[in-house]
Amino acid sequence: MIRDTLAQLVRQAAIDAMAAGVLPDVPLPDVTLERPRQPEHGDYASNLAMRLVRATGGKPVEIAQKLRAHLPPSPVLGEATVAPPGFLNLRLSESWLAGQVDDILAQGTAFAGQPPANERVQIEFVSANPTGPLTVGNGRGAVIGSTLAAVMEACGRTVQREYYVNDAGTQIEVFTRTLYARYQQLFGREVEIPADGYPGEYMVDVAQTMRAAEGERWLRPPGEPAPEGFGELGIDIMVEGIRRDLVALGVTYDVWFRERSLYAGEGRYEQAMARLRERGYVAEKEGAVWFTSTDVGEDKDNVLVRSTGAPTYFASDIAYHYDKFIERGFDRVIDVWGADHHGHVSRLKAAVQALGGDPEMLTVLLYQLVTVRRGGEVVRLSKRAGEIILLRDLIDEVGADACRFFFLQRSADSTLDFDIDLAKTQSDKNPVFYVQYAHARICAILSRAAERGLTQDGGDVALLTHPAELALIRKMLVLPELLDQVSRTLEPHHLPYYAADLATAFHAFYHDVPVLSRSGKKVTVDVPASLSRARLKLVAATRVALARTLHLMGVSAPEQMARREDGDEDDE
RNA sequence: GCGCACGUAGCUCAGUGGAUAGAGCGCUACCCUGCGGAGGUAGAGGUCGCAGGUUCAAGUCCUGCCGUGCGUACCA
């Protein structure tokens with residue numbers, strides 16, 4: 001990355017200055033460059049002089065000047081200046097910048113990525129209980145998780161995407177009793193769904209699916225419980241529905257991990273509990289089995305096996321993470337959870353530590369709640385599911401692209417207001433539209449040029465010297481750094497902002513700089529073919545960068561937008 | 001009570017310890033039919049919740065307080 005190259009130059013300048021006796025020989029801190037807010041301050045700035053001043057003495061500005069004098073020559077580096085209170089500001093060489101257009105085109109869809117690194121990452125996301133359909137909140141987790149997976153892959157990690165299906169435990173019994181009641185109702189029996197059951201209408205749909213497939217096969221005499229296998233089939237139907245909703249959002253998985261599989265035979269559950277016991281973290285008291293998490297710094301102990309003999313959800317989770325860390329041996333594990341689960345983060349990390357894993361390698365990424373607005377009013381109800389809004393309904397109404405873009409737009413730490421009206425707007429007010437339009441416009445320009453027999457072939461990027469051209473190239477070169485940052489901080493919300501920035505830089509360029517000759521009523525612009533070819537290269541490179549950004553977000557990069565009807569200025 | 005977050009423009013939100021705190025929407029002007037105007041330019045709008053502290057430098061780190069959300073089960 002260019003930032004590293006420049007940092008190395010600054011570091012070398014310090015070493016050379018010390019060797020020359022111009023600066024006292026002191027230990028050198030890590031040289032990091034930042035991007036100044038003001039463009040006048042250059043492309044990158046180093047605060048090294050200010051960090052050295054305590055050890056070396058002297059004035060920061062003078063130290064910075066010495067660093068500047070010892071910067072090794074480089075084709076990358078343009079101007080270097082010193083600014084108070086001691087910044088060393090660096091500007092990229094314009095000829096090098098122009099040359100990056102060829103570089104971006106050569107990289108193509110691999111642009112801004114990193115070579116493979118030897119790191120295996122597992123990212124588990126959504127993992128909603130299969131007792132109900134996905135909600136908009138689950139959708140946010142799906143988009144955050146899948147986007148992070150894509151970015152980490154682009155940055156060289158080997159990524160496994162996993163969905164943990166909670167198909168064991170008490171909730172499944174409740175689900176089964178509810179479903180069986182619904183099933184019997186379809187055959188005219190006067191049966192009430194359980195008081196603690198799932199009232200949503202989707203349960204009727206599942207029951208109907210089962211009747212449609214196998215008729216009354218599952219019916220037992222009145223008063224008897226559901227037969228063996230009935231609940232499992234119901235769960236399978238639910239999981240399939242969840243899978244389809246996720247596909248509609250552009251999300252697929254490598255592994256669907258069944259909680260039930262932890263308990264098969266002498267499985268992971270037994271192994272994990274045995275390991276905890278060996279290591280001295282299991283105690284019996286009050287008729288239950290406890291994880292003595294206070295021994296690893298927790299506030300309280302937690303129950304593993306209830307006095308009824310049934311394991312808790314927490315025990316399953318321990319076995320599951322035992323499998324991730326100890327058996328499957330991932331270098332890094334990321335769990336994406338809704339913020340309402342944050343109370344479990346600490347004790348799960350404690351469990352990983354107690355098992356002998358490294359809790360630092362487990363990152364639990366929490367995202368805050370989603371509220372949906374329509375006409376400024378908060379939407380609360382779904383007809384089919386009660387007090388939740390279905391992800392499916394949102395996708396059907398605004399489309400997967402808008403869903404993904406909007407879900408990504410906010411930091412996971414912030415609650416998210418999803419404005420349905422804005423997401424459906426076919427205008428520049430809608431950021432998804434604005435960005436996608438930029439891509440479509442690029443495609444239109446390239447094909448228009450081709451119609452005239454002009455292509456980027458043979459274009460000489462050295463002709464790209466206009467400030468708007470260079471600004472656009474600079475914006476494209478942000479992407480590699482951005483992806484690196486997202487992969488390290490796990491904050492994908494920067495991507496939509498960047499996409500909009502890049503689109504703006506393109507529109508500004510296109511507004512200021514003619515790519516093709518044109519003749520209108522008022523103005524005639526003549527662009528030499530050689531210049532057109534060079535600028536078409538820049539346009540094509542912008543397409544590469546913009547499409548890359550959109551694809552990582554899982555948002556489509558359309559070649560054309562549907563034409564808006566003329567004269568249709570009003571909102572519907 | 002305790003724990004984890006959040007509090008930045010009218011609204012929704014960005015802001016890796018750096019220089020003059022930004023964007024979109026909304027508002028006010030302008031470019032006037034354009035190589036896709038579904039675009040561009042400019043302006044108004046801020047005690048970064050409050051008070052201390054650390055630092056050459058704090059919206060950013062630390063402490064306390066106020067406000068909001070979530071959690072604090074032998075539920076998942």
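The partner of B:U41, taking Watson-Crick or G-U wobble pairs whose two distances both stay under 3.5 Å, is B:A29. With a cut-off of 3.5 Å on both pairing distances, B:G34 has no Watson-Crick or G-U wobble partner at all. With a cut-off of 3.5 Å on both Watson-Crick or G-U wobble distances, the partner of B:G24 is given as B:C11. B:G1 and B:U72 make up a base pair, with Watson-Crick or G-U wobble contacts both under 3.5 Å. Across all strands shown, the partner of B:G64 is B:C50, judged by Watson-Crick or G-U wobble contacts whose two distances both fall under 3.5 Å. Taking a pair to require two hydrogen-bonding distances under 3.5 Å in either a Watson-Crick or a G-U wobble arrangement, B:C56 pairs with B:G18.
Aromatic ring centres of A:Phe509 and A:His466: separated by at least 6.0 Å. Proximity of the aromatic rings of A:His507 and A:Tyr437 is defined here by a centroid distance below 6.0 angstrom, and this criterion is met. Taking the six-membered ring wherever Trp is involved, the centroid distance between the rings of A:Tyr322 and A:Tyr269 does not fall below 6.0 Å.
Checked against B:U55, B:C35, B:G18, the side chain of A:Pro514 finds its nearest nucleotide in B:C35. Which of B:U12, B:U16, B:G22 sits closest to the side chain of A:Gln38 comes down to B:G22. For A:Glu40, the side-chain atoms get nearest to B:U20 when compared with the rest of B:A19, B:U20, B:G36. Here B:G39 is the nucleotide among B:G39, B:A19, B:C74 with the atom lying nearest to any side-chain atom of A:His511. Distance from the side chain of A:Arg37 is smallest for B:A19 among the nucleotides B:A19, B:G36, B:C13. Nearest to the side chain of A:Val303, among B:C56, B:A73, B:C74, sits B:C74. Distances from the side chain of A:Glu491 to the nucleotides B:G15, B:A38, B:A19 place B:G15 closest. Which of B:G36, B:C35, B:G69 sits closest to the side chain of A:Met561 comes down to B:G36. Comparing B:U16, B:C35, B:G40 by their closest approach to the side chain of A:Arg3 singles out B:U16.
The separation between A:Gln485 atom CD and B:U16 atom C1' is 6 Å, rounded to whole Å. Residue A:Glu481 contributes atom CD, which lies 15 Å from atom P of B:U16 at whole-angstrom precision. Look at CG on A:Asp4: it is 19 Å from P on B:U16, rounded to the nearest Å. Summarising the geometry, the separation between CG on A:Asp301 and P on B:A73 is reported as 13 Å, rounded to the nearest angstrom. In this structure, CZ of A:Arg410 is placed 15 Å from P of B:A23, rounded to the nearest angstrom. Distance CG (A:Leu502) to P (B:A23): 17 Å, rounded to an integer number of Å. For the pair A:Leu516 CG and B:G36 C1', the computed distance is 12 Å after rounding to whole Å. If you measure from atom CH2 of A:Trp337 to atom P of B:C70, you get 19 Å, rounded to the nearest angstrom.
Using P as the reference atom, B:G26 and B:G40 are 13 Å apart when rounded to the nearest Å. One P atom belongs to B:C13, the other to B:C31, and the distance between them is 36 Å to the nearest Å. Rounded to the nearest Å, the gap between the P atom of B:G46 and that of B:C11 is 12 Å. Rounded to whole Å, the P atom of B:G67 lies 36 Å from the corresponding atom of B:C27. Straight-line distance between the C1' atoms of B:G52 and B:U12: roughly 32 Å, to the nearest whole Å. When the C1' atom is compared between B:G7 and B:C65, the two are found 14 Å apart, to the nearest whole Å. A gap of 13 Å separates the C1' atoms of B:G45 and B:G22, to the nearest Å. Atom P of B:U63 sits at a distance of 15 Å from the matching atom of B:U54, rounded to the whole Å.
For B:G15, the OP1/OP2 oxygens have a side-chain nitrogen or oxygen of A:His494 closer than 4.0 Å. A:His507 has no side-chain polar atom (N or O) that falls below the 4.0 Å cut-off from OP1 or OP2 of B:U41. For A:Thr504 and B:G24, the shortest distance from a side-chain N or O to OP1 or OP2 is not below 4.0 Å. For the pair A:Tyr434 and B:G40, the criterion of a side-chain N or O lying under 4.0 Å from OP1 or OP2 is met. Residue A:Lys300 has a polar side-chain atom (N or O) positioned under 4.0 Å from OP1 or OP2 of B:A73. A close approach under 4.0 Å does occur between a side-chain nitrogen or oxygen of A:Arg448 and OP1 or OP2 of B:G36.
Within 3.5 Å, a donor on the side chain of A:Ser307 pairs with an acceptor on the base of B:C74, or the reverse. The base of B:G71 is not paired with the side chain of A:Asp340 by any donor and acceptor separated by under 3.5 Å. Applying the 3.5 Å distance criterion, the base of B:G3 shares a donor-acceptor pair with the side chain of A:His342.
Across all strands, A:Asn89 comes closer than 4.0 Å to base atoms (heavy-atom distances). Among the heavy atoms of the strands, none lies under 4.0 Å from A:Thr32. Across all strands, A:Pro431 comes closer than 4.0 Å to no nucleic acid atom at all (heavy-atom distances). Within 4.0 Å (heavy atoms only), A:Ala288 reaches at least one base atom of the nucleic acid. A:His341 comes within 4.0 angstrom of a nucleotide base, judged by non-hydrogen atoms across all strands. Using a 4.0 Å heavy-atom distance criterion, A:Thr415 is classed as a sugar-phosphate-only contact. Using a 4.0 Å heavy-atom criterion, one finds that A:Ala83 contacts the bases of the nucleic acid, with or without backbone contacts as well.
Annotation: of the two residues near RNA chain B, A:Ala444 and A:Thr312, the 5′-most nearest-nucleotide partner is A:Ala444. Nearer to the 5' terminus of RNA chain B, by closest-nucleotide assignment, is the contact made by A:Gln368 (compared with the other of A:Gln368 and A:Pro311).
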Kindly indicate, with the supporting measurements, whether the criterion side chain to side chain donor-acceptor pair (under 3.5 Å) is fulfilled by A:Tyr281 and A:Ser293.
CA-CA 7 Å; A:Tyr281 292 109; A:Ser293 33; over 6 Å; no
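Stacking between A:Tyr510 and B:G39 is absent: the aromatic ring centre is not both under 5.5 angstrom from the base six-membered ring centre and within 30 degrees in plane angle. Between A:Phe433 and B:A38, a base-stacking contact is recorded: ring centres under 5.5 Å apart, planes less than 30° from parallel.
Using a 30° and 60° split on the angle between ring planes, A:Phe291 and A:Phe314 fall in the tilted class, from 30° to 60°.
Contact annotation: the side chain of A:Gln368 never approaches that of A:Arg410 to less than 4.5 Å [non-hydrogen atoms, C-beta and beyond].
With rounding to the nearest 0.5 Å, the separation of CE in A:Met561 from SG in A:Cys443 is 11.0 Å. A:Tyr320 contributes atom OH, which lies 11.0 Å from atom CG of A:Leu348 (distance to the nearest 0.5 angstrom).
Within 6.0 Å of atom CG in A:Asp421, more than 12 heavy atoms from other residues, nucleotides or ligands are found, so the atom counts as buried in its surroundings. The local environment of CD in A:Glu232 is crowded, with over 12 non-hydrogen atoms from other residues, nucleotides or ligands closer than 6.0 Å.
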